[in-house]
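When a ligand or atom number is given, it counts from 1 through the structure's own listing order.
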Amino acid sequence: MHKNWIAGEWVASQNTQQNLNPSDLSDIVGEYVRASAADVDAAIGAASQAWPAWSLSTPQQRFDALDFIGSELLARKEELGELLAREEGKTRPEAIGEVARAGQIFKFFAGETLRAAGEFLPSVRPGLNVEITREPIGVVGIITPWNFPIAIPAWKIAPALAYGNCVIFKPADLVPGSAWALAEIISRSGLPAGVFNLVMGRGSVVGPALVEDPRVHAITFTGSVGTGNQLLIDAVSRHKKVQLELGGKNPFIVLDDADLEVALDCTIQGAFYSTGQRCTASSRIIVERGIHDRFVEELAKRTSALRVGHALRSETQIGPVADASQLEQDMEYVAIGQREGAQLLCGGERLQRDTEGFFFSPAVFVNATNDMRIAREEIFGPVAAIVRADDYDHALALANDNEFGLSSGICTQSLKRATHFKRHIQAGMTMVNVATAGVDYHVPFGGRKGSSYGPREQGRYAQEFFTVVKTAYTAA
Ligand code: NAD
């Protein structure tokens, strides 16, 4: 039984859950406890008690803990990658890459503890000077989704600790395994009791307990639009600092002058890898008229040839969908697309394999229009809608006509168009001749419009959320 880590101890709970492998439902990954509201209360109490001392810890103390965690993640990336692939369903190489990413993030923020610089200015008044410094916010609630079970926790936990905050971490119910493994490493990293706490449990229990408690100063959330927006209202009305990363409907534009091979690679990688379950996936492919038919024909051929199967088999390119409700949602959107009048070129069906799992063939729709639900709403599965554009200006207008603004991309050999696109696309991240999904760990991550709220995550920009600024005046 995997327990919660609260106040420096492993804590049992009456409620438990099984973690199932979506590639093989007969494979139980493990048993995990579910926190009660009282467990969350204990974790918040422990974090509040630990915070005054931890907020004054030296950069070296924080460096040592984060460096230890990063080193162990990197050393165990194969083993933890297998666990991640088993519980979430992304392929083994993708899962190993995600664990390595988590390790690199801890290493990066270990370094950031040593670079926490402030500013020193002469005052406008005689005899005074002004110092501007950053201090930790306090106790931070961290709530994460199931699609990146270790990288997203890492990119929130590492900066929270690096800047001197105490953490209460609530992973997604569906994938407690990687989160527990990460917490187990953190439990041995030398952090004082209460600085880091793990509360696995139901969102409807743990979420409100964190949001409503005045001892929690800030909440960083990645997940669905509905849950995030309600949390925002509840948390802001209580004066908490909030950071949200929500959905996306990321456009990828293919212009007539694109290198066809590059365009196909970026589309298949962006739309279908990780089973399309990435907030940065490109599920709207906007294709200029001249290249449209050639592109579509080749895309359907290559998509149909993708090997869907058990996440741990070496030949597999696309793993299963994460769970039954996500599979149902993917199938429902395929039906919606057909009802709306788009044409299903390939895929969109549940597949049988020699193990019982949630296998689904990647789907391509053509003749989609920007007002169709399959082109407007986040599906969060391997379903791509192709929208035809008359020219570049039309493509750009279509790309911007959406409530989300997370990632975006264009495939072109024109420097002029690429430069124009980078400036005019309404998105937090934009890619030229690269897939919309797949980002570096040392630079800011986040979106605009309905995709995000609050300061950026990752890189040194993470300090905006995890610190608060102090201005000090001194008359010598
Ligand atoms: P979700 O909203 O169902 O769950 C996210 C987390 O919130 C989980 O830990 C869940 O238990 C918790 N939760 C549930 N109810 C809650 C409540 N009332 N209060 C507080 N927390 C609660 O999302 P999901 O299905 O796990 O993840 C998929 C979504 O995440 C997609 O929409 C995807 O686009 C988004 N996502 C966004 C990014 C990004 O950076 N923009 C990255 C990854 C995933």
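- Contact annotation for E378 and ligand 1: only side-chain heavy atoms (C-beta onward) come within less than 4.0 Å of the ligand.
- When the heavy atoms of G223, G141, C279 are ranked by distance to atom 35 (C) of ligand 1, first place goes to G223.
- Contacts of F169 classified as ring-ring contact (aromatic ring centres under 6.0 Å, His included), with partners at least two apart in sequence or in another chain: none.
- At a threshold of 4.5 Å between non-hydrogen side-chain atoms, the residues T467 and P136 do not count as touching.
- A distance of 6.0 Å or more separates the ring centres of H442 and F108.
- Using bins of under 30°, 30° to 60° and over 60° for the plane-to-plane angle, the ring pair W5/W10 lands in the tilted bin.
- Within ligand 1, the atoms closer than 4.0 Å to a non-hydrogen atom of T222 are 5 (C), 36 (N), 37 (C), 38 (C), 39 (C), 40 (O), 42 (C), 43 (C), 44 (C), numbered from 1 in the order shown.
- Scanning the protein for heavy atoms near atom 25 (O) of ligand 1, the closest one is W146 NE1, 3.0 Å.
- Remark: distances from the non-hydrogen atoms of V211 to ligand 1 are all 4.0 Å or more.
- Closest protein heavy atom to atom 20 (C) of ligand 1: G207 CA, 3.3 Å.
- Remark: the K170 side chain and the T144 side chain contain no N/O donor-acceptor pair separated by less than 3.5 Å.
- Here R350 does not pair with D330 in a salt bridge; the nearest charged N to carboxylate O distance is not below 4.0 Å.
- Protein heavy atom nearest atom 27 (O) of ligand 1, with residue, atom name and distance: P145 CB, 3.2 Å.
- At least one N or O atom of T144, backbone or side chain, sits closer than 3.5 Å to an N or O atom of ligand 1.
- Considering only non-hydrogen atoms, atom 11 (O) of ligand 1 lies nearest to D173 out of V225, L174, D173, L244.
- Not a single salt bridge (charged side-chain N to carboxylate O under 4.0 Å, His left out) links K77 to another residue, sequence neighbours left out.
- Close approach of ligand 1 to L406 (heavy-atom distance below 4.0 Å) involves ligand atoms 41 (N).
- Per-residue contacts place L231 under 4.0 angstrom from the following atoms of ligand 1 (heavy atoms of the residue considered): 20 (C).
- Ring geometry for H217 against W51 counts as tilted: the plane angle lies between 30° and 60°, on a 0 to 90° scale.
- Under the 6.0 Å cut-off for aromatic ring centres, F445 and W155 qualify, their centroids lying closer than that.
- When hydrogens are left out, the protein atom nearest atom 41 (N) of ligand 1 is L246 O, 2.7 Å; that is the closest non-hydrogen contact.
- Of the N or O atoms in P208, none lie within a sub-3.5 Å distance of an N or O in ligand 1.
- Taking 4.0 Å as the cut-off between side-chain N and carboxylate O, E464 and R134 count as a salt-bridged pair.
- For atom 13 (N) of ligand 1, the nearest protein heavy atom lies closer than 4.0 Å.
- The nearest pair of heavy atoms linking C411 to V262 is SG-CG1, 3.8 Å.
- Those atoms of ligand 1 that come under 4.0 Å of a heavy atom in F445, given as number and element, are 40 (O).
- Atoms of ligand 1 found under 4.0 Å from any heavy atom of I143, numbered from 1 in the order shown, are 6 (C), 7 (O), 9 (O), 12 (C), 20 (C), 21 (N).
- For atom 18 (N) of ligand 1, the closest non-hydrogen atom on the protein side is G203 O, 3.9 Å.
- Considering backbone and side-chain N/O atoms, R202 never comes within less than 3.5 Å of an N/O atom of ligand 1.
- The shortest distance between side-chain heavy atoms of V242 and F221 does not fall below 4.5 Å.
- The distance criterion of under 3.5 Å between nitrogen or oxygen atoms is not met by S451 with respect to ligand 1.
- Cation-pi contact between K156 and F465: absent, since separation from the ring centre below 6.0 Å together with deviation from the ring axis within 45° is not met.
- Listed by number with element, the atoms of ligand 1 under 4.0 angstrom from any heavy atom of T227 are 2 (O), 13 (N), 14 (C), 15 (N), 16 (C), 17 (C), 22 (C).
- At a heavy-atom cutoff of 4.0 Å, ligand 1 is contacted by no atom of L210, backbone or side chain.
- Heavy-atom separations between P171 and ligand 1 include at least one value shorter than 4.0 Å.
- For the pair D371 and V387, the minimum side-chain heavy-atom distance is 4.5 Å or more.
- Those atoms of ligand 1 that come under 4.0 Å of a heavy atom in I152, given as number and element, are 42 (C), 43 (C).
- For the pair F380 and ligand 1, a heavy-atom separation below 4.0 Å is found.
- The N/O atoms of S224, backbone and side chain alike, include one that comes under 3.5 Å of an N/O atom in ligand 1.
- Listed by number with element, the atoms of ligand 1 under 4.0 angstrom from any heavy atom of N147 are 43 (C), 44 (C).
- You'll find the side chain of T267 reaches within 4.5 Å of the side chain of F252, heavy atoms only.
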